[in-house]
Amino acid sequence: MHRVEVLTPARLPEAAALLGRAFQHDPVTAAILPRVSPETRQGKLAAMFEEMLALNAQENDPVGIVEKGSVLAAAILHRPGTFPRPLATELGLLWRVIRKVGPQGLGRFIRWSVRSATHHPPTPHYYLETLGVEPTLQGQGLGSALLQAIAAQLDASATECRLETANPRNVVLYERFGFEVVKQEQILGADVRFMRRSPS
């Protein structure tokens, strides 16, 4: 049984590197950085996720699964009222990421952010921004363990949750934990499913 825990600040860089590996072939990240090799994309994503995790940890609790001294899975979950972030906070995050990885893909990233933001309801809700598993360990129950813990938190709060995914395999996994597709849209050439979970 995999145990889900809050990631300590010391674990966040490792979790960021894990998410970089998990998302290097993701259709959305490939569309944002189309002329970048997966290896280079992985490094840029790790730098971005490190900033995202550090920012998320200020108001939320990034969670993950740590076994044998290594982070094997991680998720960025926003509590109600902490997303969308204030514009000044978003711009600060964007500036820190640009300083680390450069401006390549900036225009596409902004287009993605603006389009995806329109699918969030005006009422307070949870937002599962990111969930990733070490690629070599996918299919071994790590993602399910994370989602089970997140689903329990959502049910205890009686609040809906939103997420989006461009990976068809993920849709099946999320549906097992109560999410349903409420909209499907082509963004930057990627087929994105926007999903909602009502508390059960």
Side-chain angles (χ1 to χ4, degrees), residues 1-9 11-12 15-16 18-19 22-23 26 28 49 51-67 71-90 93 112-133 138-185 187 190-200:
M1 186 68 178
H2 303 293
R3 186 172 68 88
V4 177
E5 61 186 75
V6 175
L7 296 174
T8 64
R11 290 285 187 192
L12 297 186
L18 157 74
L19 291 173
F23 282 88
D26 181 78
V28 171
F49 282 125
E51 292 293 339
M52 290 172 60
L53 284 162
L55 181 59
N56 184 257
Q58 294 177 16
E59 297 184 308
N60 298 281
D61 297 314
V63 293
I65 296 173
V66 181
E67 295 179 0
V71 179
L72 306 183
I76 299 175
L77 179 68
H78 298 267
R79 293 190 184 99
T82 63
F83 193 92
R85 294 177 285 252
L87 179 59
T89 303
E90 287 285 1
L93 172 63
W112 157 257
S113 299
V114 170
R115 291 277 295 278
S116 62
T118 64
H119 293 274
H120 285 270
T123 53
H125 59 285
Y126 280 87
Y127 173 41
L128 182 53
E129 185 173 20
T130 304
L131 188 151
V133 174
Q138 291 176 2
Q140 298 186 25
L142 292 160
S144 294
L146 269 178
L147 282 169
Q148 186 172 14
I150 290 169
Q153 182 178 345
L154 299 177
D155 290 338
S157 71
T159 307
E160 74 169 297
C161 182
R162 297 294 180 113
L163 63 81
E164 66 271 342
T165 181
N167 188 331
R169 286 178 51 199
N170 292 345
V171 173
V172 177
L173 175 62
Y174 290 131
E175 286 178 338
R176 283 174 44 204
F177 290 90
F179 287 90
E180 60 178 346
V181 176
V182 293
K183 186 72 180 289
Q184 192 166 338
E185 184 178 346
I187 304 179
D191 193 14
V192 184
R193 280 85 162 177
F194 293 88
M195 305 188 74
R196 176 184 185 270
R197 183 187 191 275
S198 300
S200 60

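From a predicted model like this one, the values you see are computed outputs, not experimental measurements.
In this pair, F194 and W112 present their aromatic rings parallel. The plane angle is below 30°, not in the 30 to 60° band. Ring geometry for Y127 against H78 counts as parallel: the plane angle stays under 30°, on a 0 to 90° scale with 60° as the upper cut.
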Using the rule given for side-chain contact (heavy atoms from CB on, under 4.5 Å), can you reason through L19 versus M52, listing the C-alpha separation, both sets of side-chain angles and the distance that settles it, and then say yes or no? CA-CA 11 Å; L19 291 173; M52 290 172 60; over 6 Å; no
Output, in order, the C-alpha distance, side-chain angles, deciding distance and verdict of side-chain contact (heavy atoms from CB on, under 4.5 Å) for R193 and Y174. CA-CA 11 Å; R193 280 85 162 177; Y174 290 131; over 6 Å; no
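Using a 4.5 Å cut-off on side-chain heavy atoms (C-beta onward), V28 and V192 make contact. Within the 4.5 Å cutoff, side-chain heavy atoms of V63 are placed close to those of L146. Between L163 and L131, every side-chain heavy-atom pair lies at or beyond the 4.5 Å cut-off. Side-chain contact check for L154 versus H125: every heavy-atom pair is 4.5 Å or farther apart. Residues T82 and N56 form no side-chain contact, since every pair of their non-hydrogen atoms from C-beta on lies 4.5 Å or further apart. The closest side-chain heavy-atom distance from R79 to D61 is below 4.5 Å.
Counting only distance, with no hydrogens or angles, the side chain of H2 and the backbone of Q140 share a donor-acceptor pair below 3.5 Å. Under a 3.5 Å cut-off, the side chain of R197 and the backbone N or O of F177 do form a donor-acceptor pair.
By the side chain to side chain contact (heavy atoms under 4.5 Å, CB included) test, S157 is found to be paired with Y126, T159, residues two or more places apart in sequence or in another chain being considered.
Applying the 6.0 Å contact sphere to CD of Q148 captures no more than 12 heavy atoms from other residues, nucleotides or ligands.
Distance CD/E59 to CZ/R85: 9.0 Å, rounded to 0.5 Å. The distance from the CG atom of L53 to the CG atom of N60 is 11.0 Å, given to the nearest 0.5 Å. In this structure, OG on S116 lies 12.5 Å from CZ on R162, to the nearest 0.5 angstrom. Distance check, rounded to the nearest 0.5 Å: CD of Q184 to CG of D191 gives 4.0 Å. Summarising the geometry, atom OG1 belonging to T118 is positioned 7.0 Å from atom CD1 belonging to I187; distances are rounded to the nearest 0.5 Å. Residue D26 holds its CG atom at 6.5 Å from OG1 of T165, rounded to the nearest 0.5 Å.
L12 approaches A57 most closely through the heavy-atom pair CD1-CB, 4.2 Å. Minimum heavy-atom separation, V133 to A22: O-CB, 3.5 Å. Residues I150 and A75 share a closest heavy-atom pair of CD1-CB, 4.2 Å. For the pair A74 and L7, the tightest heavy-atom approach, listed with the atom from each and the gap, is CB-CD1, 4.1 Å.
Partner M195 forms a side-chain contact (heavy atoms from CB on, under 4.5 Å) with one of L128, V171, N170, V182 and no other, that one being V171. Among E185, R196, K183, the one residue that satisfies the side-chain hydrogen bond (donor to acceptor under 3.5 Å, both in side chains) test with H119 is E185.
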